[in-house]
Amino acid sequence: MSECLFCKMVNGDIQPDVVYEDDDVLAFRDVNPQAPLHVLVIPKKHIATINDLEPGDAELTGRLFLAARRIAEQEGLDARGYRTVMNCNAEAGQSVYHLHLHVLAGRPMNWPPG
Ligand code: AMP
């Protein structure tokens, strides 16, 4: 997926502000943060949307949440709380078609979301 923005980050063509990385997962600060902490956690493997997940991706998907937890701990925001969001397709507001988990923290969050 040479044209995918987040694949370019995985490949090193674009250098994001990385906060966590392992063999399967990359996490970096969102360029347009919506909270004091706004990180995107992505699988290194290209998966376009939640609709493209397969049963074999179950462990990988769980690892995105384990990374989110680790980042919240790292940033000292785990006890206060944080929100994880994964938008799927246009009506939900997805703009980058490479799976990503938003991790937002550092301010009170409203519900329902906009
Ligand atoms: P979504 O709208 O759920 O697809 O989220 C995509 C997110 O990617 C948005 O919050 C953007 O601000 C973020 N984003 C777009 N380009 C970059 C970039 N070059 N580096 C970091 N975050 C980005």
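Because only heavy atoms are used, hydrogens play no part in the values below, and waters and symmetry mates are left out as well, while side chains stay in. Order of listing sets the numbers, starting from 1, for every ligand and every atom in it. We number each residue from 1, following the sequence as shown.
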Tabulated below should be the N or O atoms of ligand 1 paired with protein N or O atoms at under 3.5 Å; can you produce that?
| from | atom 1 | to | atom 2 | distance (Å) |
| --- | --- | --- | --- | --- |
| ligand 1 | 2 (O) | G93 | O | 2.8 |
| ligand 1 | 2 (O) | S95 | N | 3.3 |
| ligand 1 | 2 (O) | S95 | OG | 2.9 |
| ligand 1 | 3 (O) | N87 | ND2 | 2.8 |
| ligand 1 | 3 (O) | H100 | NE2 | 3.0 |
| ligand 1 | 3 (O) | H102 | NE2 | 2.8 |
| ligand 1 | 4 (O) | S95 | N | 2.6 |
| ligand 1 | 4 (O) | S95 | OG | 3.3 |
| ligand 1 | 4 (O) | V96 | N | 3.0 |
| ligand 1 | 4 (O) | H100 | NE2 | 2.9 |
| ligand 1 | 5 (O) | H100 | NE2 | 2.9 |
| ligand 1 | 5 (O) | H102 | NE2 | 3.2 |
| ligand 1 | 10 (O) | D30 | OD1 | 3.3 |
| ligand 1 | 10 (O) | D30 | OD2 | 2.5 |
| ligand 1 | 12 (O) | D30 | OD1 | 2.5 |
| ligand 1 | 12 (O) | D30 | OD2 | 3.4 |
| ligand 1 | 22 (N) | V31 | N | 3.2 |

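Salt bridge D17/R29: present, at least one basic N to carboxylate O contact under 4.0 Å. Salt bridge present: D22 and R63 bring a charged side-chain N and a carboxylate O closer than 4.0 Å.
Proximity of the aromatic rings of H98 and H100 is defined here by a centroid distance below 6.0 angstrom, and this criterion is not met.
I71 is not connected to V10 by any chain of hydrophobic side-chain contacts under 4.5 Å among Ile, Leu, Val, Met, Phe, Trp and Tyr, and they are in different clusters. Residues F6 and L64 fall into different hydrophobic clusters, defined by Ile, Leu, Val, Met, Phe, Trp and Tyr side chains chained together at heavy-atom separations under 4.5 Å.
Interatomic distance, CG of L77 versus CZ of R107, reported as 12.5 Å (0.5 Å rounding).
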